[in-house]
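Take a look at the structure below.
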Amino acid sequence: MAQKKEVYKEKLKQVGYWNYKGVYDMLFSWLKDQGYKVFEDTYDEKLAGNGKEITIKWTAKKKVTDYFKNEIKLDWHILGMKDAEVEIDGKKISTQKGEVAISFKGNLVKDYEARWEDAPRWKFLRSVYEKYVIRETVSEYEGDLEDDVRDIIKELKAFLKIPGR
């Protein structure tokens, strides 16, 4: 069985006006452009009294080597989403209003093909291999994955015009 190590986790929240399709497309495109395969595990939409409630769960995976794989999980929770119009420079633009919260989690998956799982001695050798032979490589891949998660969050903040990029 593959081993996962959580490398980085952050939650981003925006209340007010924002473009649902724009956010969705931007995140999906960013992940695709970085070489990730995106899987939509859950899409649940409910109508509530104050607007739509939407729950989305994505898992994005990217093979790094035959032993390592990056996994970024995005959990969306949208509350009270309604269509709205705003006026910018005299032009009316269709957008959405409500609250969006997206949790990002980056996991480094080791031995994702479970090649070292056949016998107890292989499990022992895997732990020796990871601790002493490829320790620096593991740290490097963890850093690269953390950079990816931080970069996608930075891009989303820029798209939503949230300070603190």
Side-chain angles (χ1 to χ4, degrees), residues 2-110 112-113 137-165:
Q3 295 181 327
K4 290 184 184 182
K5 180 179 181 191
E6 185 178 297
V7 175
Y8 188 76
K9 185 178 183 178
E10 187 174 334
K11 186 173 185 176
L12 187 71
K13 186 175 179 181
Q14 171 77 1
V15 178
Y17 293 96
W18 53 279
N19 186 310
Y20 171 70
K21 184 179 179 341
V23 170
Y24 191 98
D25 291 344
M26 188 279 300
L27 290 173
F28 188 84
S29 295
W30 188 94
L31 289 164
K32 285 292 203 183
D33 291 346
Q34 301 304 315
Y36 286 88
K37 291 182 181 178
V38 182
F39 303 93
E40 190 167 83
D41 304 320
T42 303
Y43 185 94
D44 187 33
E45 188 173 314
K46 299 176 192 170
L47 286 175
N50 61 343
K52 289 183 185 176
E53 178 181 353
I54 301 174
T55 303
I56 304 171
K57 292 184 187 293
W58 283 357
T59 303
K61 298 178 180 182
K62 178 168 96 173
K63 179 180 173 181
V64 179
T65 67
D66 287 340
Y67 189 74
F68 294 101
K69 185 184 278 191
N70 286 350
E71 179 183 85
I72 299 176
K73 290 189 167 278
L74 284 77
D75 290 339
W76 304 49
H77 195 201
I78 300 168
L79 293 171
M81 186 175 86
K82 296 179 183 179
D83 290 332
E85 280 190 0
V86 293
E87 189 172 318
I88 300 174
D89 298 328
K91 296 179 185 176
K92 289 190 177 189
I93 298 173
S94 294
T95 189
Q96 283 73 40
K97 179 181 179 181
E99 177 183 322
V100 60
I102 304 175
S103 296
F104 297 84
K105 187 184 339 178
N107 297 314
L108 183 64
V109 183
K110 299 181 242 176
Y112 62 89
E113 293 179 340
T137 305
V138 171
S139 295
E140 181 181 322
Y141 289 147
E142 288 173 354
D144 292 345
L145 175 58
E146 183 177 338
D147 290 345
D148 277 358
V149 179
R150 287 180 184 268
D151 287 348
I152 193 171
I153 293 168
K154 181 178 165 184
E155 291 294 320
L156 181 57
K157 283 180 178 181
F159 186 83
L160 293 172
K161 297 176 178 74
I162 297 175
R165 289 177 249 160

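Under the 4.5 Å side-chain criterion, counting only non-hydrogen atoms from C-beta, L47 is in contact with K52. Between I78 and E99, every side-chain heavy-atom pair lies at or beyond the 4.5 Å cut-off. Put simply, the side chain of L27 reaches to within 4.5 Å of the side chain of I102, judged on heavy atoms. Between N107 and K73, the closest side-chain pair of non-hydrogen atoms falls below 4.5 Å. For the pair D147 and Y8, the minimum side-chain heavy-atom distance is 4.5 Å or more. Side-chain contact between Q14 and L12: absent, with no pair of heavy atoms (C-beta onward) separated by less than 4.5 Å. Side-chain contact between V23 and V100: absent, with no pair of heavy atoms (C-beta onward) separated by less than 4.5 Å. In this structure, the side chains of W18 and M81 come closer than 4.5 Å at one or more pairs of heavy atoms.
Residues K97 and A84 come closest through the heavy atom pair CB-CB, 4.2 Å. The two residues N50 and K82 have their closest heavy-atom pair at O-CE, 2.9 Å. What you find for K62 and D148 is that their closest heavy atoms are NZ-OD2, 3.9 Å. Of all heavy-atom pairs between K32 and V38, the closest is NZ-N, 4.4 Å. Nearest heavy-atom pair, K57 versus D75, reported as atom, atom and distance to 0.1 Å: CG-OD1, 3.4 Å. Across L108 and L145, no two heavy atoms sit closer than the pair N-CD2, 3.5 Å.
Atom CG of residue D44 and atom NE2 of residue H77 lie 9.0 Å apart, to the nearest 0.5 angstrom. Atom-to-atom distance recorded for K21:NZ and Q96:CD is 10.5 Å, nearest 0.5 angstrom. Atoms CD and CD1, from E85 and I93 in turn, are 10.0 Å apart once rounded to the nearest 0.5 Å. To the nearest 0.5 Å, atom OH of residue Y20 and atom OG1 of residue T95 are 13.0 Å apart. Remark: M26 CE to L156 CG distance equals 4.5 Å, nearest 0.5 Å. With values rounded to the nearest 0.5 angstrom, Y17 atom OH is found 15.5 Å from L160 atom CG.
Side chains of S103 and K11: a donor-acceptor N/O pair is absent below 3.5 angstrom, by distance only.
Applying side-chain contact (heavy atoms from CB on, under 4.5 Å) to K4 and the options E71, K105, K69 leaves one that passes, E71. Here the rule is ring pair (Phe, Tyr, Trp, His ring centres under 6.0 Å) with W58, and of Y24, W30, F39, F104 only Y24 fits it.
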Side chain to side chain contact (heavy atoms under 4.5 Å, CB included) between L74 and L31, worked out: CA-CA 11 Å; L74 284 77; L31 289 164; 4.3 Å; yes

